[in-house]
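Worksheet: one structure, shown below.
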Amino acid sequence: MRHPVLMDMDSGIMVPCNEDLGLEFQEAEAGVARCLWTPSRRSINGNGVVQGGYIGAACDAAMGFALASRLENAEGFTSLNLTVTYHRPLHQEAVEARAEVVRVGRRTAYVEATLKMEGRLVASAVSTLLIL
């Protein structure tokens with residue numbers, strides 16, 4: 001059975017944080033998720049680039065979708081940690097977020113994500129998530 005988080009996304013129901021972020025869900029199957037994201041004007045910091053917290057949030061959301069595609073029924077999950085590495089500045093441009101589950105245990109999962117703009121790496125992230 002498809003996870004409720006993904007069923008909501010399939011039907012166009014957005015959770016408030018993803019709606020505020022402007023993240024566009026594309027697909028999630030077998031531990032891999034893809035999303036499109038165009039940062040809003042509100043995400044731009046004083047240096048004229050996207051503030052790192054928004055980038056982290058986009059990666060975190062994509063990793064949640066990837067994990068949901070590997071979980072049974074309605075198992076919940078939450079991030080235990082999130083590490084983001086920034087490879088180049090991001091302006092208000094469309095990027096693809098791709099996340100993949102690397103390992104799922106009984107109580108935790110390890111997931112990786114990348115954010116790319118026109119094939120160029122903008123950021124990468126890793127997270128350990130607690131399965132509830």
Side-chain angles (χ1 to χ4, degrees):
M1 179 176 175
R2 195 152 165 88
H3 195 280
V5 167
L6 299 178
M7 291 186 336
D8 285 349
M9 296 305 293
D10 290 341
S11 64
I13 298 171
M14 293 285 288
V15 295
C17 62
N18 291 340
E19 186 174 11
D20 286 349
L21 194 59
L23 195 68
E24 185 181 322
F25 175 75
Q26 297 293 298
E27 63 182 345
E29 287 292 329
V32 177
R34 282 187 334 98
C35 302
L36 296 179
W37 178 49
T38 303
S40 73
R41 183 182 156 283
R42 294 174 57 119
S43 68
I44 304 300
N45 68 19
N47 292 322
V49 296
V50 176
Q51 194 268 347
Y54 287 90
I55 291 170
C59 291
D60 188 47
M63 288 189 279
F65 295 137
L67 181 57
S69 75
R70 285 281 305 268
L71 294 179
E72 297 294 321
N73 302 318
E75 289 177 297
F77 55 90
T78 189
S79 300
L80 289 173
N81 61 41
L82 173 66
T83 302
V84 182
T85 302
Y86 306 96
H87 301 277
R88 63 176 29 90
L90 176 61
H91 296 88
Q92 201 173 348
E93 304 164 277
V95 292
E96 179 185 58
R98 183 184 185 282
E100 184 171 359
V101 175
V102 175
R103 190 171 46 253
V104 177
R106 203 171 50 83
R107 298 290 298 162
T108 61
Y110 182 78
V111 186
E112 298 176 341
T114 57
L115 213 61
K116 291 185 177 182
M117 178 188 60
E118 298 176 359
R120 296 180 313 171
L121 188 62
V122 172
S124 54
V126 295
S127 182
T128 301
L129 294 99
L130 176 66
I131 300 169
L132 307 172

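Keep in mind that this is a model prediction, so the values were computed, not measured.
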Query raised in the report: For Ser69, what residues pass the side chain to side chain contact (heavy atoms under 4.5 Å, CB included) criterion, not counting sequence neighbours?
Result: Leu6, Ala28
Requested in this report: Grab the two heavy atoms, one from Ala61 and one from Leu23, that are nearest each other, plus how far apart they are.
Outcome: CB-CD2, 3.4 Å
Report task. If a pair satisfies salt bridge (Lys or Arg N to Asp or Glu O under 4.0 Å) and one of its residues is in residues 121-132, list it, with sequence neighbours excluded. Result -> none
Query - Backbone N/O of Thr128 and side chain of Asn81: donor-acceptor pair under 3.5 Å - result: yes
Query raised in the report: Would you find a donor on one side and an acceptor on the other, under 3.5 Å apart, between the side chain of Arg107 and the backbone of Ile131?
Result: yes
Query raised in the report: Just how far is it from atom OG of Ser127 to atom CZ of Phe77, taken to the nearest 0.5 Å?
Result: 10.0 Å
Query raised in the report: Would you say the side-chain atoms of Tyr54 pair up with the backbone N or O of Pro39, donor to acceptor, closer than 3.5 Å?
Result: no
Query raised in the report: In chain order, what residues pass the salt bridge (charged side-chain N to carboxylate O under 4.0 Å, His left out) check against Glu93, with sequence neighbours excluded?
Result: none
**Report entry** Partner residues of Glu29 under the salt bridge (charged side-chain N to carboxylate O under 4.0 Å, His left out) criterion, sequence neighbours left out
**Finding:** Arg2
Requested in this report: Could you name each residue pair satisfying salt bridge (Lys or Arg N to Asp or Glu O under 4.0 Å) that touches residues 108-126, not counting sequence neighbours?
Outcome: none
Query raised in the report: Listed by chain and number, what are the side chain to side chain contact (heavy atoms under 4.5 Å, CB included) partners of Arg106, not counting sequence neighbours?
Result: none
Query raised in the report: With sequence neighbours excluded, what pairs up with Asn45 under the side chain to side chain contact (heavy atoms under 4.5 Å, CB included) test?
Result: Asn47, Val49, Gln51
Report task. Applying side-chain hydrogen bond (donor to acceptor under 3.5 Å, both in side chains), name anything that partners Glu100, two or more places apart in sequence or on another chain. Result -> Arg98
Query - Leu129 backbone acceptor or donor facing Ser79 side chain under 3.5 Å - result: no
Report summary line: The remaining residues in the hydrophobic cluster of Tyr110, counting side-chain heavy-atom contacts under 4.5 Å among Ile, Leu, Val, Met, Phe, Trp and Tyr, are Val102, Val126
Query raised in the report: Hydrophobic clusters join Ile, Leu, Val, Met, Phe, Trp and Tyr when side-chain heavy atoms are under 4.5 Å apart, directly or via other members; which others share one with Leu132?
Result: Leu80, Leu130
Query raised in the report: Who pairs with Thr38 by side chain to side chain contact (heavy atoms under 4.5 Å, CB included), at least two apart in sequence or on another chain?
Result: Ala94
Query raised in the report: According to the salt bridge (Lys or Arg N to Asp or Glu O under 4.0 Å) rule, which pairs have a member within residues 31-59, sequence neighbours left out?
Result: Glu27-Arg34, Arg34-Glu96
